[in-house]
Amino acid sequence: MADKKTDMVKIKLVRSLIGASEQQRRVVRGLGLTKKDQVVEHAQSATIMGMVNKVSHLVEIVK
């Protein structure tokens, strides 16, 4: 079984949601991000990574 630290991914909102579509806003909110430069940590799964891919221009993966 993999270490819990490696199974986690940190996601940071780097761009404002102004001008983003309603669907993109819902995805970002679903990730738990509400403010610019906020960082959240999620377990790395296909669902979370798919959400990140949908809004890749608004978020980044932080080490």
**Q.** Pairs where residues 46-55 contributes a residue and the test salt bridge (charged side-chain N to carboxylate O under 4.0 Å, His left out) is met, not counting sequence neighbours
**A.**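 Sorted pair list comes back empty.
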Drop me the distance from [X]'s [atom1] to [Y]'s [atom2], to the nearest 0.5 angstrom.
| X | Y | atom1 | atom2 | result |
| --- | --- | --- | --- | --- |
| L31 | L58 | CG | CG | 10.5 Å |
| S45 | M51 | OG | CE | 9.0 Å |
| K10 | E41 | NZ | CD | 5.5 Å |

(Q) Test of understanding: with side-chain contact (heavy atoms from CB on, under 4.5 Å), list the residues that count as partners of K12, not counting sequence neighbours. (A)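 Per chain and number, K12 pairs via side-chain contact (heavy atoms from CB on, under 4.5 Å) with V14, D37, V39, E60, V62.
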Q.
Test of understanding: with side-chain contact (heavy atoms from CB on, under 4.5 Å), list the residues that count as partners of V40, not counting sequence neighbours.
A.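 I11, L33, Q38, H42.
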Q) Does the side chain of T34 come within less than 4.5 Å of R29's, by heavy atoms? A)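 Side chain of R29 against side chain of T34, heavy atoms only: contact under 4.5 Å found.
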Q.
In the structure I gave you, are the side-chain heavy atoms of Q44 and D7 within less than 4.5 Å of one another anywhere?
A.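 Sidechains of D7 and Q44: no contact.
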Only distances under 3.5 Å count here; give the side-chain donor-acceptor pairs of residues 19-27 to other protein atoms, sequence neighbours excluded, each with its distance to 0.1 Å.
| from | atom 1 | to | atom 2 | distance (Å) |
| --- | --- | --- | --- | --- |
| S21 | OG | Q24 | N | 3.3 |
| Q24 | OE1 | S21 | N | 3.2 |
| R25 | NE | A20 | O | 3.2 |
| R25 | NH2 | L17 | O | 3.1 |

